[in-house]
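Values reported hereafter were calculated over all heavy atoms of this structure, with side chains retained and with hydrogens, waters and symmetry mates removed.
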Amino acid sequence: MSEWVAGEVIENIIWTEQLHSLKIRAESINFVAGQYTRLALDVDGVRVARPYSFVNAPGAQYLEFFFNSVPGGPLSNRLMAKKAGDSIWVSNKAAGFLTLSEVPEGKELLLLATGTAIGPFLSILNTVEPWERFDRIVMAYAVRYANELCYRKQLDVLQELHGSQFSWIPFVSREPTDFALPGRIPSALQEGVLEQRAGMRFDPAQSQVMICGNPHMVKDSLDALKARGFEKNLRRKAGQVTVERYW
């Protein structure tokens, strides 16, 4: 059986010059919220593929992928040029361990994401499981500029739907705003600013953390949490911090 499923672009959402989302119609592809698959195009007789996380929850009517332009990249810039009706290949082999099945029990769930790495968390938040498992969920979403908070409306809808069970906290690092925290997530963890904004104390005795984003944010956030008594979650030893680098 071939790995590749023929897909059709439903919509190309242009958030900014560098940030797009593709909605794709394809045969049913089995995956767990938080996982990724590969998208591909045939370029000069060669199938060029790269991994992208599912933004949609399993069972949705379409697949959605959020990505940024990579200078000189062989695929991302071609994907950005796709229009409704265009063909695209989707791998039917999902992978990745940034899933709730890998997260130990806890009362609170803290999600830390930069840029397009919010994708897998949106997939998770649009399933039933996190709302059944955790009393409180906090999503920190960090970008450089305010217009890069591409999924803020969807997060606002989740906040309205789940009330005090959910809150999301924007970070904007390269321009002042009247609503977002400045700077980086790791600094806000170290200084207690994120806790203050969330109105809760992050405690390894009851909090679980999932981190997805650029390697510097992942490492620095993990270091900040370790200084607070958190430990990395490993299959051989359960901890409180589940991590995935986004590139």
Side-chain angles (χ1 to χ4, degrees), residues 13-21 34 53 55 64-70 98 108-126 130-131 134-203 207-225 227-228 230 241-247:
I13 302 171
I14 303 172
W15 302 104
T16 71
E17 187 176 341
Q18 288 81 32
L19 294 168
H20 287 221
S21 292
S53 291
V55 175
E64 184 170 352
F65 302 92
F66 181 36
F67 61 97
N68 63 285
S69 172
V70 178
L98 192 75
E108 301 152 355
L109 178 64
L110 175 63
L111 307 174
L112 308 179
T114 55
T116 56
I118 193 175
F121 291 144
L122 289 169
S123 182
I124 289 170
L125 291 172
N126 280 295
W131 312 107
F134 298 96
D135 296 334
R136 180 85 190 278
I137 301 172
V138 175
M139 168 90 243
Y141 179 16
V143 297
R144 299 168 304 169
Y145 301 100
N147 69 339
E148 295 174 343
L149 291 167
C150 301
Y151 283 91
R152 61 186 299 180
K153 289 185 179 179
Q154 288 86 333
L155 291 168
D156 285 342
V157 169
L158 286 170
Q159 194 160 7
E160 292 176 8
L161 182 63
H162 296 283
S164 60
Q165 189 180 5
F166 177 69
S167 58
W168 77 277
I169 300 170
F171 282 76
V172 176
S173 62
R174 296 190 184 179
E175 66 178 356
T177 72
D178 59 0
F179 65 93
L181 290 177
R184 301 175 65 235
I185 289 173
S187 299
L189 286 169
Q190 291 172 338
E191 298 164 6
V193 175
L194 183 53
E195 285 176 302
Q196 184 178 6
R197 178 71 173 259
M200 60 181 282
R201 181 173 178 270
F202 304 145
D203 181 354
S207 303
Q208 285 291 326
V209 186
M210 300 177 77
I211 310 176
C212 188
N214 72 69
H216 296 295
M217 186 280 282
V218 171
K219 179 184 181 302
D220 293 346
S221 294
L222 183 58
D223 288 344
L225 289 163
R228 298 280 302 274
F230 287 78
V241 187
T242 302
V243 169
E244 183 168 287
R245 293 183 183 182
Y246 211 59
W247 62 76

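- Closest approach of Glu175 and Ala146 over heavy atoms only: OE2-N, 2.7 Å.
- Within a 6.0 Å radius of CD in Gln196, other residues, nucleotides and ligands contribute 12 heavy atoms or fewer.
- The CG atom of Asp156 sits 10.0 Å away from the CG atom of Leu149 when rounded to the nearest 0.5 Å.
- At least one side-chain heavy atom of Trp15 sits less than 4.5 Å from a side-chain heavy atom of Ser21.
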Open item on the list: Let's go through Arg152 and Phe179 carefully: what are the C-alpha distance in whole Å and the side-chain angles of both, what is the deciding distance for side chain to side chain contact (heavy atoms under 4.5 Å, CB included) to 0.1 Å, and is it a yes or a no?
Closed with: CA-CA 12 Å; Arg152 61 186 299 180; Phe179 65 93; 3.6 Å; yes
Open item on the list: Applying side chain to side chain contact (heavy atoms under 4.5 Å, CB included) to Phe166 and Leu161, what does each step give before you reach the verdict?
Closed with: CA-CA 9 Å; Phe166 177 69; Leu161 182 63; over 6 Å; no
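- Note that the SG atom of Cys150 and the CG atom of Leu19 stand 4.5 Å from one another [nearest 0.5 Å].
- Residues Leu111 and Ile118 form no side-chain contact, since every pair of their non-hydrogen atoms from C-beta on lies 4.5 Å or further apart.
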- [ ] Output, in order, the C-alpha distance, side-chain angles, deciding distance and verdict of side chain to side chain contact (heavy atoms under 4.5 Å, CB included) for Trp131 and Ile137.
- [x] CA-CA 8 Å; Trp131 312 107; Ile137 301 172; 3.5 Å; yes
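- Nearest heavy-atom pair across Cys212 and Val218 is C-CG2, 4.4 Å.
- Interatomic distance, Tyr151 OH to Ile13 CD1, rounded to the nearest 0.5 Å: 5.5 Å.
- Across all non-hydrogen atoms, the minimal contact from Ala142 to Ile185 is CB-CD1, 3.7 Å.
- Between the side chains of Arg136 and Ser207, no donor N or O sits under 3.5 Å from an acceptor N or O.
- At least one side-chain heavy atom of Asn126 sits less than 4.5 Å from a side-chain heavy atom of Leu158.
- Distance CG/Leu110 to CE/Met139: 8.5 Å, rounded to 0.5 Å.
- Between Arg174 and Glu148, no side-chain nitrogen of the basic residue sits less than 4.0 Å from a carboxylate oxygen of the acidic one, so the salt-bridge criterion is not met.
- Put simply, the side chain of Leu112 does not reach to within 4.5 Å of the side chain of Phe121, judged on heavy atoms.
- Inter-residue side-chain proximity for Met210 and Ile124 is flagged as met; some heavy-atom pair is nearer than 4.5 Å.
- Side-chain contact between Leu122 and Phe66 is absent, with no heavy-atom pair separated by less than 4.5 Å.
- Of all the heavy atoms in Leu98 and Val243, the pair that sits closest is CD1-C, 4.3 Å.
- Note on ring orientation: taking the six-membered ring where Trp is involved, the planes of Tyr141 and Trp168 are tilted (angle from 30° to 60°).
- Distance check, rounded to the nearest 0.5 Å: CZ of Phe230 to CD of Gln208 gives 8.5 Å.
- Side-chain N or O atoms of Glu195 include one that pairs as donor or acceptor with a backbone N or O of Phe202 at under 3.5 Å.
- A distance of 13.0 Å separates NE2 of His20 from OG1 of Thr116, quoted to the nearest 0.5 Å.
- Nearest heavy-atom pair, Thr114 versus Asn214, reported as atom, atom and distance to 0.1 Å: OG1-N, 3.1 Å.
- Salt-bridge annotation for Asp223 and Lys219: present, with a side-chain N of the basic residue lying under 4.0 Å from a carboxylate O of the acidic one.
- Side-chain contact check for Val138 versus Arg197: every heavy-atom pair is 4.5 Å or farther apart.
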